[in-house]
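What follows is a short report on a single structure.
In what follows, chains are A, B, ... by sequence order, proteins preceding strands, each numbered from 1.
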Number of protein chains: 2
Amino acid sequence: MTAIKDNNLSASLEDYLEAIFNLAGASNVARSKDIAKSLGVARSSVTGALRVLKKKGLANYRPYDYVTLTKAGQDIAAEVVRKHNIITSFFVNVLGVETDIAQQAACRAEHTLGPEVISKLLCFIGFVNKNSKNGYDLADEFKRFCKSRPQNNSFSGKQMSSTVGLDEVKPGQKCKIVRIIGRSGVNKRIADMGVVPGTILEVQRVAPLGDPIDVKLKGYRLSLRKEEASKIMVELGQSE
Amino acid sequence: MTAIKDNNLSASLEDYLEAIFNLAGASNVARSKDIAKSLGVARSSVTGALRVLKKKGLANYRPYDYVTLTKAGQDIAAEVVRKHNIITSFFVNVLGVETDIAQQAACRAEHTLGPEVISKLLCFIGFVNKNSKNGYDLADEFKRFCKSRPQNNSFSGKQMSSTVGLDEVKPGQKCKIVRIIGRSGVNKRIADMGVVPGTILEVQRVAPLGDPIDVKLKGYRLSLRKEEASKIMVELGQSE
DNA sequence: TGACAAAGTTAGGTATAACTAACTATACTA
DNA sequence: TAGTATAGTTAGTTATACCTAACTTTGTCA
Ligand SMILES: [Mn+2]
Ligand SMILES: [Mn+2]
Ligand SMILES: [Mn+2]
Ligand SMILES: [Mn+2]
């Protein structure tokens, strides 16, 4: 029933609504100058945004007048603020992120997280609170866990072997050919010389503008144009 | 040391890097057409983005050629993908969000969450996993908790009394004046008549274009211009 | 080989969201 | 009530990120 409708507003416009809503606070009005300050934009940018919000029926705006939100505007603003608070609460009270950082991140993320995620997040906060009442302070436990393993910077995503184009290898470095891109035109020429995947080669000299590149492989010496080299994907050796 | 530097890229450019990185997968090359498809943009948009990425030294791009990422481009792309995966993992495995939705939300949020939040999130996933090995399956417990209280749609943020401008009130509705905005010019005239905060009034008739608005208050009848009415903030009565 | 389809680019356009500089309205104060 | 400071607007510009339509290059296959 009372579902929050797709507001379809840009992050920027949502932030204007949020700022107006927050500034209005007790007085229900916001001044252009304060909106500008709170969003860190020029006053003229606020004028422009207000015109758009008015056209969308979200703000009551007349030039040189105070600004208020329409009912529709208030509803959207309240929803943005709600998301902001839920996300912030999770970051601070569950994850233990520093308040300032959490606020900033939340005010960016609030525009990207849909109702499914937000409702789960809210529920999760409730879950943590309930547990803490039952004697198991999850947030506290987590804080202790964090300290015990200070930085775990890896994540088991797909591991990428760091392959680069031969044109990016510096002189003196050895590397192994992983793959040669394309088979027609200039590249055909390369492939036809013994340059095949698996070959180890060493970059000898690179001309000032990266063209040409001299490499040594299988005893031969070869001069490659940068354009050609860029199509030879290599894996760096552990030299250097 | 090996700190990921501020890449300072727009969300859009990060997504291009991410798409190229993912498409490259085994072959290390990506084709424009596939980048376009995976991001849902026109082919010409890809050309534009590639030019920018090249200028920034992140992609090896020559017109009509395959695309590869430079080392710098790969590093940033890998970081974006890492964030994407961490966020997705949290949404799916901890919060229990549906996979598709989680992926979409993660691919938006990955551009807004900084290293502090991401590292805590990663740590939290580890925390949940460790507990589950120790017999306490937090994610599972949470799932059960979610079901037990289906929808808790409120959040203890600041509660806003729903005040609107008098110009938004429909005929027949009663409301209470909460505040009158401004004191000079036309508004002074209003304030000078017994129209003060606390007064209960009822909207009687609204002309076709919302101007003028006839209201009844304290036995009097008053005709207000829309401009004036918009400055009278009221709280709606429970009629209608 | 050469015709054709597919891939890629260019040109030209729109929308959003900023900015600065210059102007105008409003509010305060003497 | 005039004069000034402040607030707000307008005009004109920039940058990003898309789009469609038309054109060019490339790869394929008869
Ligand atoms: Mn916010
Ligand atoms: Mn925000
Ligand atoms: Mn992503
Ligand atoms: Mn993304």
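With rounding to whole Å, K37(B) atom NZ is found 16 Å from dG8(C) atom C1'. A straight line from CG of L50(A) to P of dG8(D) spans 10 Å, rounded to a whole angstrom. A straight line from OH of Y64(B) to C1' of dT25(D) spans 5 Å, rounded to a whole angstrom. For I35(B) and dT9(C), the CD1 to P distance is 9 Å, given to the nearest whole Å. Rounding to whole angstrom units, OH of residue Y16(B) and C1' of dC18(D) are separated by 8 Å. Counting to the nearest Å, the C1' atom of dG8(C) and the NZ atom of K54(B) are 16 Å from each other. We find that CZ of R43(B) is positioned 16 Å from P of dT25(D), with the value rounded to whole Å. What separates CG of L13(B) from P of dA17(D) is a distance of 5 Å, to the nearest Å.
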Passes ring pair (Phe, Tyr, Trp, His ring centres under 6.0 Å), F90(B) versus F90(A)? Steps please.
CA-CA 13 Å; F90(B) 172 73; F90(A) 172 74; 5.3 Å; yes
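Checking V80(B), V52(B), V41(B), L9(B) one by one against Y16(B), the side-chain contact (heavy atoms from CB on, under 4.5 Å) holds for a single residue, V41(B). Of the candidates D65(B), T68(B), V29(B), L53(B), N60(B) forms a side-chain contact (heavy atoms from CB on, under 4.5 Å) with just one, namely T68(B).
Of the side-chain N and O atoms in R51(B), one or more sit less than 4.0 angstrom from OP1 or OP2 of dT10(C). At the phosphate of dT26(D), neither OP1 nor OP2 sits under 4.0 Å from any side-chain N or O atom of Y66(B). Between Y61(A) and dT9(D) there is a side-chain N or O to OP1 or OP2 distance below 4.0 Å.
Environment of NZ in K54(A): crowded, with over 12 heavy atoms of neighbouring residues, nucleotides or ligands closer than 6.0 Å.
Of the candidates dG8(D), dC18(D), dA18(C), dG8(D) carries the atom nearest the R31(A) side chain, counting heavy atoms from C-beta on. Comparing atom distances between the S12(A) side chain and each of dA17(C), dC18(D), dA7(D) picks out dA17(C) as nearest. Here the side chain of A42(B) is nearest to one of dC19(D), dA17(D), dG8(D), namely dC19(D).
Counting non-hydrogen atoms under 4.0 angstrom, T47(B) reaches a base of the nucleic acid. Nucleic acid contact class of S45(B) (heavy atoms, under 4.0 Å, all strands): base. Note on S10(B): only backbone sugar-phosphate atoms sit closer than 4.0 angstrom, heavy atoms only; bases stay farther off. Residue contacts shown for S44(B) include a base, since a base heavy atom lies under 4.0 Å away.
Residues P63(B) and V41(A) both approach DNA chain C. Their nearest nucleotides, taken by heavy-atom distance, put P63(B) toward the 5′ side. Each of G40(B) and S32(A) was matched to the nucleotide of DNA chain D holding its nearest heavy atom; the match closer to the 5' end belongs to S32(A).
Side chains of E79(A) and N7(A): no donor on one and acceptor on the other come within 3.5 Å.
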